[in-house]
Trainee: 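Can you read through this structure? Questions will come right after.
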Amino acid sequence: MNPADLPPQLHLDGALRGDALLAAVREIAQGPLAAQVEAIDRTGYYPCAELQQLAAVGAMSAHLDSTAGPADYGLAIRAMAEASRVCGATGFMMWCQAVCGLYLQQSGNPTLMGDVLQRHASGAGMGGTALSNPMKSYAQIESLLLKATPVEGGYLVNGTLPWVSNLGPDHYCGAIAAVVEADGAASQREVMFLLRCDAPGVEMRECPSFSAMEGTGTYALRLKDHFIGTADTMADPTRPFIARIRAAFVMLQCGMAVGITQGAIDSMWAVEAQLGHVNQFLEDRPDALQAELDALTARVMQLAQTPFDTSTDFFIDVLDARAHGAELCLRAAQSALMHQGARGYLMSSDVQRRVRESHFVAIVTPAIKHLRKEIARLSTEEMPA
């Protein structure tokens with residue numbers, strides 16, 4: 001291939017790396033983000049300005065190859081953890097933005113890998129992932145909700161997705177539709193594409209109120225004869241693409257679990273001087289939880305060195321680490337409530353919020369039950385007959 005034909009290299013002005021990036025994320029998280037946590041959790045404030053500050057320092061693009069250096073998934077996960085330690089909802093939206101960038105860069109589509117990716121990585125463009133339903137479909141939990149009918153130059157897509165996050169009127173997301181023939185027959189093939197919220201045939205609908213994390217920009221999307229062409233196609237067919245990026249997709253979520261767990265442990269230490277004499281009789285003490293979290297983090301950092309390993313054994317390890325993170329998050333949040341006692345039961349308490357955030361880590365796709373199902377299925381396939 002002629003070098004002139006290659007997509008332009010991602011250039012990130014002002015993006016930081018390594019410890020400098022983590023320090024910058026920490027400053028944003030403990031400053032402007034911390035000031036908005038309650039509004040994000042309960043009143044539906046979408047922290048666009050704070051997310052763009054995080055994007056500007058490189059927090060949601062560290063996992064992308066760029067002029068600043070090669071992709072660093074470990075750094076991206078640690079940055080997500082720093083934000084999640086203060087606000088789990090923001091950590092989740094960082095994951096949404098990060099995986100959308102993953103789709104764009106791995107698409108091989110020069111149109112998407114050019115200005116679209118550049119704007120996305122800088123935070124000028126914001127996006128999410130509509131792959132909850134497809135991932136459940138590949139795990140034989142649900143059927144695909146979007147259907148794509150071939151037409152000249154592309155497809156017409158119809159259907160409704162009930163929960164898609166980090167969206168707004170000018171946002172976008174990666175989506176997958178089952179390809180059907182003109183007569184309605186299934187083709188056993190899917191197409192993945194960039195779905196723009198402001199495109200013709202796309203309608204955003206408000207979702208019912210959640211128990212937490214109201215400010216995550218979560219909507220239902222209804223598509224009616226929405227046209228997608230080659231310029232917005234990420235993968236066609238889709239399954240080889242998903243096989244390549246699935247471990248990275250799941251692995252990045254570990255940043256949420258690590259951060260919320262660390263925040264819960266912080267809350268336990270905050271009352272140790274006053275309540276340690278009685279809290280010593282509780283299970284899941286902060287020192288034990290910290291040791292378990294540190295071991296899990298080290299394990300995730302090791303996995304992050306090879307995010308595109310497509311072997312089944314590697315994917316099982318990633319799924320297991322993600323499940324461990326969700327389970328540890330639940331235990332740590334619950335224990336933090338026990339350690340803080342009545343003060344942790346106040347609705348305004350950080351502990352009360354983290355309990356609800358930990359529930360989200362446990363149920364967001366892939367949920368604990370989804371993870372366990374996939375581990376069991378893949379492990380059975382790997383066993384000799």
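Keep in mind it's a predicted model, so treat the numbers as computed, not measured.
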Trainee: Report yes or no: does R372 contribute a side-chain atom to a donor-acceptor pair with the main-chain N or O of A367 at less than 3.5 Å?
Mentor: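 Checked: no pair found.
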Trainee: How far does CG of D266 sit from OG1 of T261, to the nearest 0.5 angstrom?
Mentor: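 The CG atom of D266 sits 10.5 Å away from the OG1 atom of T261.
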Trainee: Kindly give the heavy-atom pair with the smallest separation between A336 and S267, and that separation in Å.
Mentor: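 Looking at all heavy atoms of both residues, the shortest contact is CB-CB, 4.4 Å.
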Trainee: If you draw a 6.0 Å radius around CG in D170, do more than 12 non-hydrogen atoms from other residues or ligands fall strictly inside?
Mentor: yes
Trainee: I need the E327 CD to R322 CZ distance, nearest 0.5 Å.
Mentor: 10.0 Å
Trainee: Looking only at heavy atoms, what is the nearest atom pair of L144 and P134, with distance?
Mentor: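 Heavy-atom minimum between the residues: CD2-CA, 3.6 Å.
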Trainee: Kindly work out whether a path of hydrophobic side-chain contacts (I/L/V/M/F/W/Y, heavy atoms less than 4.5 Å apart) joins L378 to M135.
Mentor: yes
Trainee: With a 3.5 Å distance limit and no angle check, can you tell me whether K373 reaches the backbone of A139 through a side-chain donor-acceptor pair?
Mentor: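 Yes: the side chain of K373 pairs with the backbone of A139.
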Trainee: When you measure from the side chain of E214 to the backbone of F210, do you find a donor-acceptor pair of N or O atoms at a distance under 3.5 Å?
Mentor: yes
Trainee: Quick one: do the S311 and D313 side chains pair a donor with an acceptor below 3.5 Å?
Mentor: no
Trainee: Between L296 and G325, which heavy-atom pair has the shortest distance, and what is it?
Mentor: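 Shortest heavy-atom contact: CD2-CA, 3.6 Å.
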Trainee: Using modelled atom types and a 3.5 Å cut-off, is there a donor and acceptor pairing between side-chain atoms of H171 and backbone atoms of G125?
Mentor: no
Trainee: Apply the test side-chain contact (heavy atoms from CB on, under 4.5 Å) to residues L156 and H226: give CA-CA distance (whole Å), side-chain angles for both, the deciding distance (0.1 Å), then the verdict.
Mentor: CA-CA 5 Å; L156 289 181; H226 169 60; over 6 Å; no
Trainee: Working to the nearest 0.5 Å, report the span between CD of E82 and CE of M94.
Mentor: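 If we round to the nearest 0.5 Å, E82:CD and M94:CE are 9.5 Å apart.
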Trainee: Anything under 30° is parallel, anything over 60° is perpendicular, the rest tilted; go ahead and classify Y73 against H63.
Mentor: perpendicular
Trainee: Evaluate salt bridge (Lys or Arg N to Asp or Glu O under 4.0 Å) for D320 paired with R299, printing each intermediate quantity in order.
Mentor: CA-CA 11 Å; D320 186 64; R299 180 184 176 195; 2.6 Å; yes
Trainee: Start with the C-alpha gap between D41 and R353, add the side-chain angles, then the distance that decides, and say whether salt bridge (Lys or Arg N to Asp or Glu O under 4.0 Å) holds.
Mentor: CA-CA 8 Å; D41 179 53; R353 172 172 52 80; 5.2 Å; no
Trainee: So V179 and P150, do their side chains get closer than 4.5 Å, heavy atoms only?
Mentor: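 Contact flag for P150/V179 side chains = yes.
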Trainee: Under the criterion side-chain contact (heavy atoms from CB on, under 4.5 Å), I'd like the reasoning laid out for E206 against Y219: C-alpha separation, chi angles, the key distance, then a yes or no.
Mentor: CA-CA 5 Å; E206 296 281 350; Y219 295 86; 3.7 Å; yes
Trainee: Is any side-chain heavy atom of S137 closer than 4.5 Å to one of I176?
Mentor: no
Trainee: Near E27 CD, under 6.0 Å, is it more than 12 heavy atoms from other residues, nucleotides or ligands?
Mentor: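 Count not over threshold, so no.
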Trainee: Got Y172 and L195 here, is their nearest side-chain heavy-atom distance under 4.5 Å?
Mentor: no
Trainee: Please report the C-alpha distance between Y45 and E50 in whole Å, then the side-chain angles of each, then the deciding distance to 0.1 Å, and finally whether the side chain to side chain donor-acceptor pair (under 3.5 Å) criterion is met.
Mentor: CA-CA 11 Å; Y45 170 72; E50 292 77 13; 2.9 Å; yes
Trainee: Whether the side chain of Q97 engages the backbone of H120 through a donor-acceptor N/O pair (distance < 3.5 Å, no angle test) should be reported.
Mentor: yes
Trainee: M234 and L161: same hydrophobic cluster, using ILVMFWY side-chain contacts below 4.5 Å?
Mentor: no
Trainee: Would you say V37 and W95 are hydrophobically clustered, going by side-chain heavy atoms of ILVMFWY under 4.5 Å?
Mentor: no
Trainee: Out of Q280, Q290, E272, which residue meets the side chain to side chain donor-acceptor pair (under 3.5 Å) rule with R285?
Mentor: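 That would be E272.
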Trainee: Write down the atom of G153, the atom of F227, and the distance for their closest heavy-atom approach.
Mentor: O-CZ, 3.6 Å
Trainee: Check whether the side chains of D236 and Y155 place a donor and an acceptor atom closer than 3.5 Å, and report yes or no.
Mentor: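 The criterion, which ignores hydrogens and geometry beyond distance, is satisfied for Y155 and D236.
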Trainee: Taking the side chain as everything from C-beta on, heavy atoms only, tell me whether Q352 gets closer than 4.5 Å to L346.
Mentor: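 SC-SC contact between Q352 and L346 ruled out.
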Trainee: So, R244 side chain and Q106 main chain: donor-acceptor pair closer than 3.5 Å or not?
Mentor: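 Flag set: sc R244 to bb Q106 pair under 3.5 Å.
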Trainee: For the side chain of N133 and the backbone of L145, is there at least one donor-acceptor N/O pair under 3.5 Å apart?
Mentor: yes
Trainee: Could you tell me which non-hydrogen atom of D284 sits nearest to which non-hydrogen atom of H339, and how far apart they are?
Mentor: O-CE1, 3.7 Å
Trainee: Take L10 and Q118 through the side-chain contact (heavy atoms from CB on, under 4.5 Å) test and state the conclusion after the steps.
Mentor: CA-CA 6 Å; L10 184 61; Q118 188 71 48; 3.6 Å; yes
Trainee: Taking the side chain as everything from C-beta on, heavy atoms only, tell me whether F315 gets closer than 4.5 Å to V250.
Mentor: yes
Trainee: Under a single-linkage definition using a 4.5 Å side-chain heavy-atom cutoff for Ile, Leu, Val, Met, Phe, Trp and Tyr, are L167 and M60 assigned to the same hydrophobic cluster?
Mentor: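 Different clusters: L167 never reaches M60 through Ile, Leu, Val, Met, Phe, Trp or Tyr contacts under 4.5 Å.
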Trainee: Passes side chain to side chain donor-acceptor pair (under 3.5 Å), E292 versus H324? Steps please.
Mentor: CA-CA 10 Å; E292 187 174 348; H324 185 182; 2.8 Å; yes
Trainee: Does the N109 side chain pair with the main chain of A231, one donor and one acceptor, at a distance under 3.5 Å?
Mentor: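 Between the backbone of A231 and the side chain of N109 there is a qualifying donor-acceptor contact (under 3.5 Å).
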Trainee: How far does OG1 of T90 sit from CG of L33, to the nearest 0.5 angstrom?
Mentor: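 Reported to 0.5 Å precision, the distance equals 4.0 Å.
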Trainee: Any non-hydrogen side-chain atom of V157 less than 4.5 Å from a side-chain atom of K147?
Mentor: no
Trainee: Does G123 offer a backbone N or O that forms a donor-acceptor pair with the side chain of Q52 under 3.5 Å?
Mentor: yes
Trainee: S132 side chain to T365 main-chain N or O, any donor-acceptor pair under 3.5 Å?
Mentor: no
Trainee: If you look at every heavy atom in I77 and A304, which pair is closest and at what distance?
Mentor: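 That would be CD1-CB, 4.3 Å.
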Trainee: Between K224 and N158, is any pair of side-chain heavy atoms under 4.5 Å apart?
Mentor: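 K224 vs N158: side chains touch.
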Trainee: Give the C-alpha distance, both sets of side-chain angles, the deciding distance and a yes or no for side-chain contact (heavy atoms from CB on, under 4.5 Å) between L330 and I368.
Mentor: CA-CA 11 Å; L330 288 170; I368 290 177; 4.0 Å; yes
Trainee: State plainly whether one hydrophobic cluster holds both F92 and L371, where clusters connect Ile, Leu, Val, Met, Phe, Trp and Tyr through side-chain heavy atoms under 4.5 angstrom apart.
Mentor: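 Yes; tracing contacts between hydrophobic side chains, which count when under 4.5 Å, links both residues.
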Trainee: CG/L102 to OG/S107 distance, rounded to the nearest 0.5 angstrom?
Mentor: 10.0 Å
Trainee: Rounded to the nearest 0.5 Å, what's the gap from CZ on R331 to CG on L289? Could you check?
Mentor: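 Taking CZ in R331 and CG in L289, the distance rounds to 6.0 Å.
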Trainee: Is the shortest heavy-atom distance from the side chain of T129 to the side chain of C173 under 4.5 Å?
Mentor: no
Trainee: Begin from the C-alpha positions of Y46 and N166 and carry the test side chain to side chain donor-acceptor pair (under 3.5 Å) through to its verdict.
Mentor: CA-CA 9 Å; Y46 175 70; N166 201 37; 2.6 Å; yes
